Student: 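One structure follows; several queries about it will come next.
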There are 2 protein chains.
Amino acid sequence: MNYDDAKIKFVSTWGSLGSLWGINKAMAQIQALLFISTKPLSMEDIMEDLKISRGNTSMNLRQLMDWGIVTKEIIPGERKEYFTTEKDVQELARTIAKERSRREIQPVIKVLKEVSSIKDDGTEKTKELIKQTKALHDLTETADDMINKLVSQKQNWITKSLLKLIK
Amino acid sequence: MNYDDAKIKFVSTWGSLGSLWGINKAMAQIQALLFISTKPLSMEDIMEDLKISRGNTSMNLRQLMDWGIVTKEIIPGERKEYFTTEKDVQELARTIAKERSRREIQPVIKVLKEVSSIKDDGTEKTKELIKQTKALHDLTETADDMINKLVSQKQNWITKSLLKLIK
DNA sequence: TTAAACTTTCAAAAATTATTGAAAGTTTAT
DNA sequence: ATAAACTTTCAATAATTTTTGAAAGTTTAA
């Protein structure tokens, strides 16, 4: 496989993985493109490479900046804006995990807490609802905590030794 | 909040969380309904409760069974089929993590391995592609491993002590 | 202040994904 | 073998999400 094929394969695979971390295809592809680029890219560059419209590029770049994954790079003397993505995978993972937690997991935890706190009226179905949503609440909270803590270890050694521990 | 409101809130929240674990709304809602039900439910019951069509119910129940989360329950003397879901959250999480890994993460790991193994032709861009996809490959593999291992601990104490370790 | 270079916005169109419902299929009882 | 009770399938439709492209907006240079 040559460079161009590998690049296309990587960008499209990473794009389709977007759903896994809750973003759309174009957004994931733009990030992928920046991730393997040796230099900042302009909107032109991205549109051309991914064959997507200017509007689409603009909107998705904005979202990526909202996520804190992509930053605008001002190149002195240049009129155009250039973009780069976080190049360190650990840091990237940390940012994504944090954002997903904030955007999606926290609100669910809140609802689960609410629902599992309703008054026990003594009926079997109420008892079951409370019991099951409480269990889900605990699990979700623990998992969220763990992901955030693991992923925020900047040094990799802790992760590695943890992995050994649980093997 | 009374039982009915709590139930509706839980089912719809869990449904919208479907995207987080990669399944559609109806599928997640059916699972939610079964999760808090004190007894197995028939297709009729589910259709009526969620106000969805017979076809939709049938297809999504099938998918839930494919995931290994829902099982058919035969009730002696009854003609209808009844359904239940895994009631233990730890086991549920284990099953979901395993399936997602198999369906989505493994194929990506495979592509990352492929792409990061292309021949280094000495150019800067090729070096960058190889370096970055390799880093992503390692991260993805480690994360996948970790999630699977953590989640497959049936006893909760390990999880708890791990959490303490990394706090 | 003007105009060129560039970016953002957003209504409309296209693409994708989910849902319906009725016909076809299956199982069970008699 | 028949019919009733039930489930599955799938083409058509509906809902949702993504993308486009052109007009409006912004910034910079002269």
Side-chain angles (χ1 to χ4, degrees), chain A residues 11-34 40-67 70-84 100 103-104, chain B residues 11-34 40-67 70-84 100 103-104:
Chain A
V11 171
S12 77
T13 302
W14 202 242
S16 67
L17 192 64
S19 68
L20 201 82
W21 43 293
I23 66 174
N24 77 37
K25 204 183 76 176
M27 205 171 142
Q29 288 189 342
I30 292 173
Q31 198 276 327
L33 200 60
L34 292 171
L41 301 180
S42 70
M43 233 168 71
E44 288 303 312
D45 294 336
I46 295 167
M47 288 168 59
E48 209 168 287
D49 214 323
L50 300 180
K51 279 137 185 60
I52 59 178
S53 72
R54 188 175 296 283
N56 200 1
T57 308
S58 171
M59 283 172 128
N60 283 114
L61 274 171
R62 159 108 85 109
Q63 283 211 73
L64 283 164
M65 290 189 284
D66 288 348
W67 272 71
V70 161
T71 48
K72 221 177 251 184
E73 195 97 335
I74 303 298
I75 295 190
E78 287 263 25
R79 197 69 172 274
K80 274 186 217 155
E81 295 176 329
Y82 286 80
F83 301 89
T84 43
R100 284 215 90 181
R103 290 166 192 241
E104 301 183 73
Chain B
V11 170
S12 78
T13 303
W14 202 242
S16 68
L17 192 66
S19 69
L20 201 84
W21 44 293
I23 66 173
N24 77 37
K25 204 182 74 175
M27 204 171 143
Q29 288 189 342
I30 293 173
Q31 199 275 326
L33 200 60
L34 292 172
L41 300 179
S42 69
M43 234 168 71
E44 288 302 313
D45 294 336
I46 296 167
M47 289 168 58
E48 209 169 287
D49 214 324
L50 299 179
K51 279 136 184 59
I52 59 178
S53 72
R54 189 175 294 283
N56 200 2
T57 309
S58 170
M59 282 171 127
N60 283 114
L61 275 171
R62 160 109 86 108
Q63 283 210 74
L64 283 165
M65 289 189 284
D66 289 348
W67 272 71
V70 162
T71 48
K72 221 176 251 184
E73 196 98 335
I74 303 298
I75 295 190
E78 286 264 26
R79 197 70 172 272
K80 275 186 215 154
E81 295 177 330
Y82 285 81
F83 301 89
T84 42
R100 282 215 91 179
R103 290 167 191 240
E104 300 183 75

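Naming convention: chains lettered A, B, ... in sequence-line order (proteins, then strands); numbering from 1 in each chain. Quick caveat: nothing in here was measured; it's all calculated off a predicted structure.
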Student: Give the rounded distance in Å between these two atoms: CD1 of B/Ile74 and C1' of D/dC6.
Tutor: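 These atoms are roughly 12 Å apart.
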Student: Test of understanding: with side-chain hydrogen bond (donor to acceptor under 3.5 Å, both in side chains), list the residues that count as partners of B/Gln63, not counting sequence neighbours.
Tutor: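 Applying side-chain hydrogen bond (donor to acceptor under 3.5 Å, both in side chains) to B/Gln63 gives none.
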Student: Who passes salt bridge (charged side-chain N to carboxylate O under 4.0 Å, His left out) against B/Glu81, sequence neighbours left out?
Tutor: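 Partners of B/Glu81 under the salt bridge (charged side-chain N to carboxylate O under 4.0 Å, His left out) test: B/Lys72.
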Student: Under the side chain to side chain contact (heavy atoms under 4.5 Å, CB included) test, which residues partner A/Arg103, sequence neighbours left out?
Tutor: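 A/Arg103 satisfies side chain to side chain contact (heavy atoms under 4.5 Å, CB included) with A/Asp66, A/Trp67, A/Glu99 once adjacent residues are dropped.
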Student: Starting at CD1 of B/Ile52 and ending at P of D/dT8, how long is that distance when rounded to a whole Å?
Tutor: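 Going from CD1 in B/Ile52 over to P in D/dT8 covers 13 Å.
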Student: Contacts to DNA chain C from residues 55-65 of chain B, heavy-atom cutoff under 4.0 Å, which residues?
Tutor: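 Under 4.0 Å from DNA chain C: B/Gly55, B/Asn56.
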Student: I'd like to check the side-chain hydrogen bond (donor to acceptor under 3.5 Å, both in side chains) partners of A/Thr57; sequence neighbours left out, ordered by chain and number.
Tutor: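 In terms of side-chain hydrogen bond (donor to acceptor under 3.5 Å, both in side chains), with neighbours along the sequence ignored, A/Thr57 is linked to no residue.
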Student: Atom CD1 of B/Ile75 to atom P of C/dT27: distance rounded to whole Å?
Tutor: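 Going from B/Ile75 (CD1) to C/dT27 (P), I get 20 Å.
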Student: Select one nucleotide: of C/dT19, C/dT8, D/dT20, the one nearest the side-chain heavy atoms of A/Arg54.
Tutor: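 That would be C/dT8.
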Student: Under the salt bridge (charged side-chain N to carboxylate O under 4.0 Å, His left out) rule, collect the residues that match up with B/Arg79, sequence neighbours excluded.
Tutor: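 In terms of salt bridge (charged side-chain N to carboxylate O under 4.0 Å, His left out), with neighbours along the sequence ignored, B/Arg79 is linked to no residue.
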Student: Nearest 0.5 Å, please: how far is CG in B/Asn60 from CG in B/Asn24?
Tutor: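 Reported to 0.5 Å precision, the distance equals 4.5 Å.
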Student: Distance check needed: C/dT8 C1' versus A/Glu81 CD, whole Å only.
Tutor: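 Whole-Å distance recorded here is 10 Å.
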Student: Check nucleotides 28-30 of chain D for protein N or O atoms closer than 3.5 Å to its own N or O atoms and list the pairs.
Tutor:
from   : atom 1 : to      : atom 2 : distance (Å)
D/dT28 : O2     : A/Arg79 : NH2    : 3.0

Student: Using heavy atoms and a sub-4.0 Å distance, could you list which residues of residues 25-32 of chain B are near DNA chain D? By number, please.
Tutor: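 Those residues whose heavy atoms fall under 4.0 Å from DNA chain D, taken from residues 25-32 of chain B, amount to none.
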Student: In whole Å, what is the span from the CD1 atom of B/Ile46 to the P atom of D/dT7?
Tutor: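 Those two atoms, CD1 and P, are 10 Å apart.
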Student: Output all residues satisfying side chain to side chain contact (heavy atoms under 4.5 Å, CB included) with B/Arg54, sequence neighbours left out; order by chain, then residue number.
Tutor: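 Applying side chain to side chain contact (heavy atoms under 4.5 Å, CB included) to B/Arg54 gives B/Met43, B/Glu44, B/Met47.
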Student: With side chains defined as the heavy atoms from C-beta onward, is the minimum distance between B/Leu20 and A/Arg100 less than 4.5 Å?
Tutor: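 B/Leu20 vs A/Arg100: side chains touch.
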Student: Checking B/Glu78 now: which residues fulfil side chain to side chain contact (heavy atoms under 4.5 Å, CB included) with it, not counting sequence neighbours?
Tutor: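 B/Ile75, B/Tyr82.
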Student: How many Å lie between CG on B/Leu50 and P on C/dT20, as a whole number?
Tutor: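 Going from CG in B/Leu50 over to P in C/dT20 covers 10 Å.
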Student: Can you name the side-chain hydrogen bond (donor to acceptor under 3.5 Å, both in side chains) partners of A/Asp45, sequence neighbours left out?
Tutor: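 Listed in chain order: A/Ser42.
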Student: Just compare D/dT18, C/dT20, C/dA18 and give me whichever is closest to any side-chain atom of B/Asn24.
Tutor: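 In terms of side-chain proximity for B/Asn24, the closest of D/dT18, C/dT20, C/dA18 is C/dA18.
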Student: Would you mind reading off the distance between B/Lys80 atom NZ and D/dA4 atom P, rounded to a whole angstrom?
Tutor: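 So the two atoms are 18 Å apart, to the nearest Å.
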Student: Apply side-chain hydrogen bond (donor to acceptor under 3.5 Å, both in side chains) to B/Gln31 and list each qualifying residue two or more places apart in sequence or on a separate chain.
Tutor: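 Partners of B/Gln31 by the side-chain hydrogen bond (donor to acceptor under 3.5 Å, both in side chains) criterion, ordered by chain and then number, come out as B/Trp14, B/Thr85.
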Student: Could you check how far CE of B/Met43 sits from C1' of C/dT19, rounded to whole Å?
Tutor: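 Checked: the CE to C1' distance equals 14 Å.
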